[in-house]
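Proteins get letters first, then strands, A, B, ... in listed order; numbering begins at 1 in each.
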Amino acid sequence: MAFADPKEQLEVIKRGTEAIIPEEELLLKLEASKENDRPLKVKAGFDPTSPDLHLGHGIILKKLRDFQALGHEVLFLIGDFTAYIGDPSGRSETRPAISREEIIKNSRTYERQVFKVLDKKKTQILSNSRWLSNLGSEELLGLTSLVNVSRILDRDDFSKRYKEGISISLREFIYPLVQAYDSVQMHCDVELGGTDQTFNILLGRDFQRHYGQSPQVGVFLPILEGTDGVKKMSKSLGNYIGLDESPQDIYGKVMSISDELMWRYYLLLSARDEKEIRNLKTGHPMDAKKALAREIVSWLHDSQSALEATRDFETKFSRRSFPEDTKEKIYTARSRKVVDLVLDVSDSVNTKGQAKRIISQGGLVINGEKYTDPNSEFPESTALELKIGKKEFLRVAIKEAS
RNA sequence: GGGGAGGUGGCUGAGUGGACAAAAGCAGCAGACUGUAAAUCUGCCGGCGAAAGCCUACGUAGGUUCGAAUCCUGCCCUCCCCA
């Protein structure tokens, strides 16, 4: 296929990135690629430490997608071996160990989620255990001699931990080395990652050079803040929006971010150009937020689901009435108390204490009526509409216990 | 190898024999307010129980005691200093 003009390609690639190191080299690579009619190999690696990818990963996937649209080849690396080591990047403590089974399970879910964004035909999925689990100690030692301790301690996250007297395990020092070694094995031209990956990705350049390869170019993307607006989006902080979540959940979570954060999300996740965004800023913030939520849902699902999620949200919150596609549940009445009803039927309530708390604080509405006494009885009807807290809506069919 | 300091609820962190299901802050949840939010305010925030109360929990395993997060011993883990 014919590649576009390298300079134009570079412009597309640059959009939304934080840094390209070194930029001139990328241009050279793009030129060579066009000349030889050979696509660039673009790497991005994710460690399957949790079953869900989120919008933070989404930013990187989007950029990979850009590369694909320009005709390049994406090597999507599942860090099933590196997950086992635990990436210390940006961490203030050692990652908890994760079991093999979990890693395998998570890897599978990644493959599915990734293709919500990437073009299957231009993507190769690789696992680094393929070469890392057979890496001999001799070779590993060879890698360790390529890096100086002082250089590794220069890293912000390490030096901070060191100064604060927080433990650093030797295995964490190994992590950047094997990530860099991945690039050697994969012969990458480009590696994408968040800015927290700077050290690891640049180390890949040194390693490739050492192995006689032309060093990869690092393309760095901004780190997305989580829904709390302060910390980086991550599963362990619980402030994430998963790529795999339902349209309703994604929509709702986007709507729950602050106005300020919304503009950051626009910048990093929306396809809209600056002019459009500026235009939205003059309107009502809620409309802008709805537009963003809708855009993100249609990106991860489709426009039909986005429309439905919009409607659902409006009935639920703006009009505070019952959504159409409410979950239906059957409750086999072991008692007539509302606490038991809530406990058995709700997905979000797990203990009786929690059920009592929600009820006594006014979070339970049955058929439009508030129930504040946990021990009161629900009405004698075979079908009830429950609202539990602000987010959970249920239609419950009552079945008498036999 | 030697010496010292520690390990408390999701997190930070107080508590040094009974008043401790354990201060305070953060996070979370509910309510009010609103433009969905955010911010703010109010309340809740181990489990079971209508309640009285019971059970589980202060790294882990034992012990002392009428009574232990608090004292003793072994073990595990972390940090600092020296070698």
So what does [X] touch, heavy atoms closer than 4.0 Å: a base, only the sugar-phosphate, or nothing?
X	result
A:Lys356	base
A:Lys290	nothing
A:Asp259	base
A:Lys289	base

Of the nucleotides [options], which one has an atom closest to the side chain of [X]?
X	options	value
A:His284	B:G35, B:C29, B:A37	B:G35
A:Phe313	B:U36, B:G35, B:C29	B:U36
A:Lys337	B:U36, B:C29, B:A50	B:A50
A:Lys390	B:G31, B:C79, B:G28	B:G31
A:Arg357	B:C79, B:C44, B:A50	B:C44

Find which nucleotide of RNA chain B each of A:Gly165 and A:Ile257 is nearest to by heavy atoms, and output the residue with the more 5' nucleotide.
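The residue whose closest nucleotide sits nearer the 5' end is A:Ile257.
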Which sits closer to the 5' end of RNA chain B, A:Met262 or A:Gly389, going by the nucleotide each is nearest to?
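Whichever sits nearer the 5' end wins; that is A:Gly389.
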On a whole-Å scale, what distance lies between the [atom1] atoms belonging to [N] and [M]?
N	M	atom1	result
B:A37	B:C76	C1'	47 Å
B:G15	B:U70	C1'	8 Å
B:C26	B:U16	P	24 Å
B:G17	B:U12	C1'	27 Å
B:G46	B:C58	C1'	13 Å
B:A39	B:G4	C1'	47 Å
B:U64	B:A14	C1'	27 Å
B:C72	B:C79	C1'	24 Å

Using Watson-Crick or G-U wobble geometry with both distances below 3.5 Å, tell me the partner of [N], or none.
N	value
B:G35	none
B:A69	none
B:U42	B:A30
B:G6	B:C77
B:U16	none

Nearest-Å distance, [atom1] ([X]) to [atom2] ([N])?
X	N	atom1	atom2	answer
A:Arg336	B:A50	CZ	P	17 Å
A:Lys281	B:G35	NZ	P	22 Å
A:Lys387	B:A30	NZ	P	9 Å
A:Ile241	B:A37	CD1	P	15 Å
A:Asn350	B:G10	CG	P	15 Å
A:Tyr371	B:G31	OH	P	17 Å
A:Glu314	B:A37	CD	P	13 Å
A:Leu343	B:G47	CG	C1'	12 Å

Indicate, yes or no, whether a donor-acceptor pair under 3.5 Å links the base of B:G43 to the side chain of A:Gln361.
yes
Evaluate the side chain to side chain contact (heavy atoms under 4.5 Å, CB included) criterion for residues A:Tyr181 and A:Leu135: first the C-alpha distance (whole Å), next the side-chain angles of each, then the deciding distance (0.1 Å), finally the verdict.
CA-CA 10 Å; A:Tyr181 184 68; A:Leu135 188 72; 3.7 Å; yes
When you check the gap from the basic side-chain N to the acidic O, do [X] and [Y] get nearer than 4.0 Å?
X	Y	result
A:Arg151	A:Asp206	yes
A:Glu191	A:Arg205	no
A:Asp347	A:Lys327	yes
A:Glu172	A:Arg161	yes

Do any side-chain nitrogens or oxygens of A:Thr351 fall under 4.0 Å of OP1 or OP2 in B:G47?
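Yes.
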Closer than 4.0 Å, any side-chain N/O of A:Lys352 to the OP1 or OP2 of B:G47?
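So the side-chain polar atoms of A:Lys352 never come under 4.0 Å of the phosphate oxygens OP1 or OP2 of B:G47.
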Going by heavy atoms in the side chains, are A:Phe67 and A:Val190 under 4.5 Å from each other?
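Yes, side chains in contact.
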Is the distance from the ring center of A:Phe173 to that of A:Phe158 below 6.0 Å?
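So the answer is yes for these two rings.
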Name of the residue among A:Ile85, A:Asp47, A:Asn200, A:Leu77 meeting side-chain contact (heavy atoms from CB on, under 4.5 Å) with A:Gln179
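Of all the options given, the one that passes is A:Asn200.
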